[in-house]
Amino acid sequence: TYVDIYHFIFNQSTDSLLVSDLKGNLKEVNASSCNLLGYTQEELKQINIKTLIDAQHSSFGRMWYDLTCEGKNIFTSMKMMHKEGCVVYVELKARVYDDQVIILVRDLTRLKDVDSILKKSEANLNTIFNTTDTIYVLLDTGLRIVSYNPRAVNFVKNELNQNIEVNNYFLDYFPIE
């Protein structure tokens with residue numbers, strides 16, 4: 001039956017799925033919700049969704065009002081609080097259906113961690129790229145210039161009497177002999 005299919009999907013989803021009443025009191029939660037937030041199903045069913053939202057996300061109350069009273073959907077990134085007090089970065093989607101609120105929560109914490117590491121790595125590379133005595137020209141697979149450092153600008157200008165530009169073919173800077 002459709003009810004069996006619904007329960008199967010609800011319980012097997014790797015995303016957190018929660019169902020609340022219009023006041024935000026949780027009525028159903030799946031195992032992924034428990035894993036994400038550190039609570040048991042019984043504990044979560046005693047909690048209001050608003051208490052799981054990081055206090056710094058003050059606009060959530062207004063979004064909840066818009067959702068439940070005006071029928072607007074919520075789609076936002078925010079911080080939720082784990083039972084142990086740590087922050088969980090999430091993408092939250094919610095909509096009203098039959099006097100209930102269906103809430104889908106996707107964990108973005110690892111993505112945020114990876115993004116932070118990538119930004120630090122890019123900053124380090126940028127520092128090296130711009131302060132080294134070595135000439136660097138980054139190329140795409142078609143040998144078009146993607147980026148270059150100040151030393152490359154000086155070299156191309158002084159030695160080849162040209163101005164280096166992004167999207168030009170690298171080999172066009174060198175005379176054919």
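Note that the structure is a prediction, hence the values are computed from the model and not measured. Sequential numbering from 1 along the given sequence is applied to the chain's residues. Any value given below was found using the heavy atoms of this structure, including those in side chains, with hydrogens, waters and symmetry copies removed.
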Problem set entry | Co-membership, hydrophobic cluster, residues L104 and V90, 4.5 Å side-chain | no
Problem set entry | Y97 atom OH, neighbour heavy-atom count above 12 within 6.0 Å | no
Exercise. Under a single-linkage definition using a 4.5 Å side-chain heavy-atom cutoff for Ile, Leu, Val, Met, Phe, Trp and Tyr, are L143 and L160 assigned to the same hydrophobic cluster?
Worked result: yes
Exercise. Do R151 side-chain atoms and I135 backbone N/O form a donor-acceptor pair below 3.5 Å?
Worked result: no
Exercise. Yes or no on side chain to side chain contact (heavy atoms under 4.5 Å, CB included) for Y148 and V166, after CA distance, side-chain angles and deciding distance?
Worked result: CA-CA 8 Å; Y148 46 84; V166 171; 3.8 Å; yes
Problem set entry | Single-linkage hydrophobic cluster L118~F129, side-chain heavy atoms < 4.5 angstrom | no
Seminar exercise, completed: Residues at least two apart in sequence or cross-chain that pass salt bridge (Lys or Arg N to Asp or Glu O under 4.0 Å) with R95, listed by chain then number, are none
Exercise. Is a donor on one side and an acceptor on the other found under 3.5 Å between the side chain of N30 and the backbone of L17?
Worked result: yes
Exercise. Is there side-chain contact between P150 and N130, with at least one heavy-atom pair below 4.5 Å?
Worked result: yes
For this session: Could you tell me whether the side chain of Q12 and the main chain of I9 form a donor-acceptor pair under 3.5 Å?
Result: no
Exercise. Would H7 and V3 satisfy side chain to side chain contact (heavy atoms under 4.5 Å, CB included), going step by step from the backbone distance to the final call?
Worked result: CA-CA 6 Å; H7 283 289; V3 173; 3.5 Å; yes
Problem set entry | Any side-chain heavy-atom pair of V156 and N163 under 4.5 Å | no
Seminar exercise, completed: Here the gap from I103 atom CD1 to L52 atom CG, rounded to the nearest 0.5 Å, amounts to 9.0 Å
Problem set entry | Exam field: side chain N11 to backbone A31, donor-acceptor pair closer than 3.5 Å | no
Exercise. Do C34 and L44 come close enough that some side-chain heavy atom pair is under 4.5 Å?
Worked result: yes
Problem set entry | Worked check of side chain to side chain contact (heavy atoms under 4.5 Å, CB included) between V105 and M80 | CA-CA 10 Å; V105 178; M80 293 182 81; 3.9 Å; yes
For this session: Taking N149 for its side chain and Y136 for its backbone only, find out whether a donor-acceptor pair lies under 3.5 Å.
Result: yes
Problem set entry | Donor-acceptor pair, side chain of Q100 and main chain of L22, under 3.5 angstrom | no
Exercise. NZ of K157: more than 12 outside heavy atoms within 6.0 angstrom?
Worked result: no
For this session: Determine whether V137 and I164 make a side-chain contact, defined as any pair of heavy atoms from C-beta on separated by less than 4.5 Å.
Result: yes
Problem set entry | Side chains of E28 and Q41 in contact at under 4.5 Å (non-hydrogen atoms) | no
For this session: Run through L108, L92, V88, D54 and flag the one making a side-chain contact (heavy atoms from CB on, under 4.5 Å) with M78.
Result: L92
Exercise. Does a side-chain heavy-atom distance below 4.5 Å link V87 with M81?
Worked result: yes
For this session: Identify the heavy atoms of W64 and K23 that sit nearest to each other, and give their distance.
Result: NE1-C, 4.0 Å
For this session: Measure the OG1-NE2 distance between T109 and H82 for me, rounded to the nearest 0.5 Å.
Result: 9.5 Å
Problem set entry | Donor-acceptor pair, side chain of R106 and main chain of D15, under 3.5 angstrom | no
For this session: Return yes if some donor-acceptor pair links the side-chain N/O of S77 with the main-chain N/O of E91 below 3.5 Å, else return no.
Result: no
For this session: Show your reasoning for whether side chain to side chain contact (heavy atoms under 4.5 Å, CB included) applies to K45 and Y39.
Result: CA-CA 10 Å; K45 288 179 185 179; Y39 293 91; over 6 Å; no
Problem set entry | Flag if over 12 foreign heavy atoms under 6.0 Å of OH, Y6 | yes
Exercise. Backbone N or O of I117 within a donor-acceptor pair of the S121 side chain at under 3.5 Å?
Worked result: no
Exercise. So, F170 versus F174, ring centres under 6.0 angstrom or not?
Worked result: yes
Exercise. Is the number of heavy atoms from other residues, nucleotides or ligands under 6.0 Å of F10 CZ greater than 12?
Worked result: yes
Problem set entry | Polar contact flag, side-chain donor to acceptor under 3.5 angstrom, Q56-K79 | yes
Exercise. Would you say S32's side chain and S13's backbone share a donor-acceptor pair under 3.5 angstrom?
Worked result: yes
Problem set entry | Side chain to side chain, N25 and S20, heavy atoms closer than 4.5 Å | no
Exercise. If Ile, Leu, Val, Met, Phe, Trp and Tyr residues are connected whenever their side-chain heavy atoms lie under 4.5 Å apart, and connections chain through other members, are L26 and V96 in the same group?
Worked result: yes
Exercise. Same cluster for L36 and F75 if Ile/Leu/Val/Met/Phe/Trp/Tyr side chains link at under 4.5 Å?
Worked result: no
Exercise. How many angstroms lie between atom CG of L37 and atom OG of S16, to the nearest 0.5 angstrom?
Worked result: 6.0 Å
Exercise. Could you state the interatomic distance from CD (Q46) to OG1 (T51), rounded to the nearest 0.5 Å?
Worked result: 11.5 Å
Exercise. Do I145 and N167 have side-chain heavy atoms sitting under 4.5 Å apart?
Worked result: no
For this session: Walk me through it: do N168 and Y173 pass the test side-chain hydrogen bond (donor to acceptor under 3.5 Å, both in side chains)?
Result: CA-CA 9 Å; N168 285 352; Y173 289 92; 2.7 Å; yes
